[in-house]
Amino acid sequence: MKIAVLPGDGIGPEIVTEAVNVLNALGETFELEEAPVGGAGYEAAGHPLPDATLKLAKEADAILFGAVGDWKYDSLERALRPEQAILGLRKHLQLFANFRPAILYKELADASSLKPEIVAGLDILIIRELNGDIYFGQPKGFRRSPDGAFEGAREGFDTMRYSVPEVERIAHVAFQAAAKRDKRLCSVDKANVLETSQLWRDTMIEVAKQYPEVELSHMYVDNAAMQLVKAPKNFDVVVTGNMFGDILSDEAAMLTGSIGMLPSASLDANNKGLYEPSHGSAPDIAGKGVANPLATILSAAMMLRYTLGRAEQADRVENAVKKVLAQGLRTPDIWQEGATKVGTREMGAAVVAAL
Ligand code: NAD
């Protein structure tokens, strides 16, 4: 099994090192190969997704990704900015299904900004379509406004679009995931306003006929944003489009208290995947040795489960994380009075020791 290791920028290299240490401690023979991506790719080869990095990502069975981005690249033209590497990998590898679990470990129930009774025991899965929608829809650009009250003014425009097969593809992934959990799937859209969403909803209803064991419900995205903070435990699996999913999955992340705890997976049709923490490169704390590596370590666990077919090893890693939390070890982002504050390296080493 070959794993492409793409640490990226900011805290990326620090947290990926800890996840690699965990993988190496499992006693398996994974072939790990590292390549620069994001700002590091730009520095090394003049592009956020250098050809050699893309080639490695294509050849590998799975990709362990840190994070990309740094304010110092903000003045580069968009195509050369670090974040383009993620969009490029998703597009080239056809990674269309993004899995974002939001689990609140009982040891961290007080870390959430919501009352413990609302979030304790939270275990939801947000599945976001990654390849379509307004982020990729053409045409997009800048122009003079062709009509309306501001005719002639400079405007920016994007196109929201989904085709039936695109929605069917993500619907099947979502129904299958829901069938393995509590068998409840909530499809989030804005069908009261958007044609794209009406097509999304109609398609979900069609696909649902093939999964009679799963209960399908629909919710408008504005209501979903409210319900996520009001009664998040009412959700089991949520499926939604690229833009709504981008926003709702970050909202769900904060229910758990720290974005530093949340893994993610982006899968293609054959379960090949890119695994990365849900957070960014955190340039504000990069190099300080305080970043929480657990989201990346848990992403490696998802990789073991979904792509590498090592469910038992995934369980081992997840249990090791629970153990270090139960021991009271906390990086600063999840630290509370009475707990032991540790840095990135100590947290990673504690997980390896717990293994
Ligand atoms: P961010 O997720 O990097 O940071 C938001 C806040 O959370 C910061 O205060 C940061 O210190 C904290 N944080 C994030 N991860 C943490 C961790 N593991 N441990 C402790 N604290 C953590 O988001 P941002 O500040 O909006 O963006 C910074 C850069 O990251 C930007 O260039 C952005 O484009 C990029 N970004 C990249 C990805 C990605 O690589 N997938 C995702 C989001 C943002």
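Atoms within a ligand are numbered from 1 in the order they appear, just like the ligands themselves. No hydrogens, no waters, no symmetry mates; every other heavy atom, side chains included, goes into these values.
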Undergrad: What pairs with F99 under ring pair (Phe, Tyr, Trp, His ring centres under 6.0 Å), at least two apart in sequence or on another chain?
TA: Y306
Undergrad: For atom 36 (N) of ligand 1, state which one of G12, G280, A85 supplies the nearest heavy atom.
TA: G280
Undergrad: When only distance counts, is S278 in polar contact with ligand 1, meaning an N/O pair under 3.5 Å?
TA: no
Undergrad: Tell me whether atom 14 (C) of ligand 1 lies less than 4.0 Å from at least one protein heavy-atom position.
TA: yes
Undergrad: For D236, check side chain to side chain contact (heavy atoms under 4.5 Å, CB included) against everything at least two apart and list the hits.
TA: R181, D182, R184
Undergrad: Would you mind running through ligand 1 and noting each atom that sits below 4.0 Å from a heavy atom of A291?
TA: 19 (N)
Undergrad: Just which atoms of ligand 1 are under 4.0 Å from any heavy atom in E83?
TA: 31 (C), 32 (O), 33 (C), 34 (O), 35 (C)
Undergrad: I want to confirm something. Looking only at heavy atoms, which of G39, S281, S266 is nearest to atom 30 (O) of ligand 1?
TA: S281
Undergrad: Which atoms of ligand 1 are found less than 4.0 Å from any heavy atom of D70?
TA: 32 (O)
Undergrad: Protein non-hydrogen atoms only, distance under 4.0 Å: does atom 5 (C) of ligand 1 have such a neighbour?
TA: no
Undergrad: Within the structure, does V68 bring an N/O atom to less than 3.5 angstrom of an N/O atom in ligand 1?
TA: yes
Undergrad: Can you find an N or O of A67 that's nearer than 3.5 Å to an N or O of ligand 1?
TA: no
Undergrad: With heavy-atom distances below 4.0 Å as the criterion, list the atoms of ligand 1 near E276.
TA: 41 (N)
Undergrad: For the residue pair Y42 and Q84, confirm or rule out a side-chain donor-acceptor distance under 3.5 Å.
TA: no
Undergrad: Give a yes or no on whether atom 25 (O) of ligand 1 lies under 4.0 Å from any heavy atom of the protein.
TA: no
Undergrad: Within a distance of under 4.0 Å, is there any protein heavy atom near atom 9 (O) of ligand 1?
TA: yes
Undergrad: Near G69, which atoms of ligand 1 are under 4.0 Å from a heavy atom of that residue?
TA: 32 (O)
Undergrad: Report yes if some N/O of A282 lies less than 3.5 Å from some N/O of ligand 1; otherwise report no.
TA: yes
Undergrad: Short list, please: which atoms of ligand 1 are under 4.0 Å from a heavy atom of I86?
TA: 39 (C), 40 (O), 41 (N)
Undergrad: Do I126 and S249 have side chains that get closer than 4.5 Å, going by heavy atoms?
TA: yes
